[in-house]
Amino acid sequence: MKLTDNVLRSFRVAKVFRENSDKINCFDFSSNGETIISSSDDDSLVLYDCQEGKSGPKRTLYSKKYGVDLIRYTHAANTVVYSSNKIDDTIRYLSLHDNKYIRYFPGHNKRVTSLSMSPVDDTFISGSLDKTIRLWDLRSPNCQGLMHLQGKPVCSFDPEGLIFAAGVNSEMVKLYDLRSFDKGPFATFKLQYDRTCEWTGLKFSNDGKLILVSTNGGALRLLDAFKGAVMHSFGGYNNSKAVTLEASFTPDSQFIMIGSEDGKVHVWNAESGMKVAVLDGKHTGPVTCLQFNPKFMTFASACSNMAFWLPTIDD
């Protein structure tokens, strides 16, 4: 099935799982699309099975001592890296198979606000309120690269793992070549500063042509990844309380999705900028997490519960 306006409009919540009364902070699909892992304010890591007919919790682990905030799968389907929200700001590398830590990545001294795994190897990057971006390798506890910035960063790898983007001070995007990032950015795109909101996320489309900048306000910006020009600004969704709402591309790079504080999911066509759907997620609070499955025709959204969505028509 190909994603079209009609198919997207047909998506409905197939299953909802009430985890607890605590907010789900983050979730991530495995690269094969078969599992999803979530992190919550109650220090739990919940593993879900996404294969057809099985969507549901498989296993729950806890990080009671350190807490768990941002979480990302590595390239192995049974290991994750995650940032903590208790004790310290060390990033932890965990084996889900035996619930044992493989490695610790100390260095940040304030909350980690961005965590991005390279799509091609064991490298990952992290951005923090300490105004640094750190480059890591899963095989070493030592930071492989350190960048000091003028403001709070958001950061992400491009889909080929050759460059990464850093959004700095909620007003500029800097592009770095991974092999020579210490020489500084090879491109800087300055955007008009909006004092009403802060940037909270940055993602590349899978075709590498677009960059999506999300904010804690009521607007998203879509940039040309080569020229930095703002192609579209998307609004019309509710975010009056300055919540961090995750925005995502569909895997074909054709559509952009974000949740809202009233539990609905808004969808736009990336090329035309037109809104194509507003889907009712039956969420009880702001939809803070939203991602499309990388392999299957389904997506997930979360507030304090987790919802799995499926299309109801064949297009």
Side-chain angles (χ1 to χ4, degrees), residues 22-28 37-41 43 45 63 66-73 80-93 104-118 123-136 143-158 164-176 181 185 191 193-204 211-217 219-221 223 239 241-248 258-259 286-291 302-303:
D22 292 292
K23 180 173 78 74
I24 295 173
N25 294 323
C26 185
F27 66 67
D28 195 37
I37 190 152
S38 72
S39 63
S40 297
D41 269 353
D43 310 326
L45 297 81
S63 176
Y66 305 112
V68 53
D69 190 15
L70 303 179
I71 191 162
R72 299 285 180 258
Y73 271 108
V80 294
V81 288
Y82 70 84
S83 65
S84 306
N85 50 18
K86 290 181 178 179
I87 296 186
D88 61 25
D89 299 284
T90 296
I91 296 167
R92 293 175 167 82
Y93 180 21
Y104 299 93
F105 303 98
H108 287 301
N109 55 37
K110 287 189 177 172
R111 189 167 69 88
V112 174
T113 54
S114 283
L115 195 57
S116 178
M117 193 77 210
S118 165
T123 309
F124 69 96
I125 51 175
S126 57
S128 163
L129 293 178
D130 64 14
K131 299 181 183 177
T132 66
I133 288 176
R134 289 176 180 263
L135 182 68
W136 310 90
C143 175
Q144 306 293 300
L146 173 61
M147 295 165 53
H148 291 275
L149 300 158
Q150 296 301 307
K152 184 186 86 170
V154 288
C155 54
S156 181
F157 278 102
D158 83 320
F164 64 88
V168 186
N169 267 348
S170 298
E171 62 179 344
M172 64 183 79
V173 175
K174 297 173 180 278
L175 300 183
Y176 296 85
F181 69 90
L191 278 64
Y193 181 66
D194 182 352
R195 60 170 54 87
T196 66
C197 60
E198 287 188 345
W199 293 4
T200 53
L202 185 150
K203 289 184 181 181
F204 280 88
I211 296 173
L212 183 61
V213 176
S214 48
T215 73
N216 63 359
L220 301 169
R221 287 181 184 167
L223 313 184
N239 190 14
K241 296 184 177 70
V243 178
T244 297
L245 303 173
E246 183 178 19
S248 292
I258 192 169
V287 181
T288 50
C289 309
L290 179 70
Q291 284 180 38
C303 56

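Side-chain atoms are counted along with the backbone in the values below, which use heavy atoms only and exclude waters and symmetry mates.
- Using cut-offs of 30° and 60° on the angle between ring planes, the pair F105 and F124 is perpendicular.
- Here the shortest heavy-atom pairing between G259 and L245 reads O-CD1, 3.5 Å.
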Residue pair I24, T288: steps toward the side chain to side chain contact (heavy atoms under 4.5 Å, CB included) verdict
CA-CA 8 Å; I24 295 173; T288 50; 5.6 Å; no

Under the side chain to side chain contact (heavy atoms under 4.5 Å, CB included) rule, what do N25 and V68 come out as? Steps first, then yes or no, please.
CA-CA 8 Å; N25 294 323; V68 53; 5.7 Å; no

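- Within the 3.5 Å criterion, the main-chain N or O of S118 finds no donor-acceptor partner in the side chain of T123.
- Between S156 and F204, the closest heavy-atom pair is O-CE1, 3.8 Å.
- Looking only at distances, a side-chain donor or acceptor of S128 sits under 3.5 Å from a matching main-chain atom of R111.
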Going through the distances and angles, do Y82 and S63 end up as a side chain to side chain donor-acceptor pair (under 3.5 Å)?
CA-CA 10 Å; Y82 70 84; S63 176; 2.8 Å; yes

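- Of the possible donor and acceptor atoms, one in the side chain of S248 sits under 3.5 Å from a partner among the backbone N and O of L290.
- Closest approach of A247 and S214 over heavy atoms only: CB-CB, 4.1 Å.
- N216 places no side-chain N or O within 3.5 Å of a backbone atom of T244 that could act as its donor or acceptor partner.
- Ring-plane geometry between F164 and Y176 is classed as parallel, the angle between the planes falling under 30 degrees on a 0 to 90 degree scale with a further cut at 60.
- Side-chain contact check for I91 versus S126: some heavy-atom pair is nearer than 4.5 Å.
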Under the side chain to side chain contact (heavy atoms under 4.5 Å, CB included) rule, what do L149 and I133 come out as? Steps first, then yes or no, please.
CA-CA 8 Å; L149 300 158; I133 288 176; 3.7 Å; yes

Could you walk me through whether K203 and Q291 satisfy the side chain to side chain contact (heavy atoms under 4.5 Å, CB included) test, starting with their C-alpha distance in whole Å, then the side-chain angles of each, then the deciding distance to 0.1 Å, before giving a yes or no?
CA-CA 12 Å; K203 289 184 181 181; Q291 284 180 38; 4.3 Å; yes

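- A 6.0 Å sphere centred on NZ of K110 holds no more than 12 heavy atoms belonging to other residues, nucleotides or ligands.
- Here the OG1 atom belonging to T200 is positioned 9.5 Å from the CD atom belonging to E246, to the nearest 0.5 angstrom.
- Checked by atom type and distance alone, the side chain of D69 never pairs as donor or acceptor with a backbone atom of S83 at under 3.5 Å.
- Counting heavy atoms from C-beta on, the side chains of V173 and R221 never come closer than 4.5 Å.
- When all heavy atoms are compared, the tightest approach of C26 to I71 is SG-N, 3.5 Å.
- Between the side chain of D130 and the backbone N or O of T132, at least one donor-acceptor pair lies under 3.5 Å.
- With rounding to the nearest 0.5 angstrom, the CG atom of D89 is 11.0 Å from the CD1 atom of I87.
- Atom NE2 of H148 sits about 7.0 Å away from atom CZ of R134, to the nearest 0.5 Å.
- P185 has its side chain out of reach of L175: every pair of non-hydrogen atoms, C-beta onward, lies at least 4.5 Å apart.
- Of all heavy-atom pairs between V154 and S114, the closest is CA-OG, 3.2 Å.
- Under the 4.5 Å side-chain criterion, counting only non-hydrogen atoms from C-beta, L191 is in contact with L223.
- Formation of a donor-acceptor pair under 3.5 Å by the T215 side chain with backbone atoms of A219 is found in this model.
- The SG atom of C143 sits 5.0 Å away from atom CH2 of W136, with the distance rounded to the nearest 0.5 Å.
- Here the closest non-hydrogen pair linking P286 and V243 is CB-CG1, 4.3 Å.
- The backbone N or O of N169 sits nowhere less than 3.5 Å from a side-chain atom of Q150 that would complete a donor-acceptor pair.
- A cation-pi arrangement, defined by a distance under 6.0 Å to the six-membered ring centre and an angle within 45 degrees of its axis, is present between R92 and Y66.
- One N or O on the side chain of S170 and one on the backbone of W199 form a donor-acceptor pair closer than 3.5 Å.
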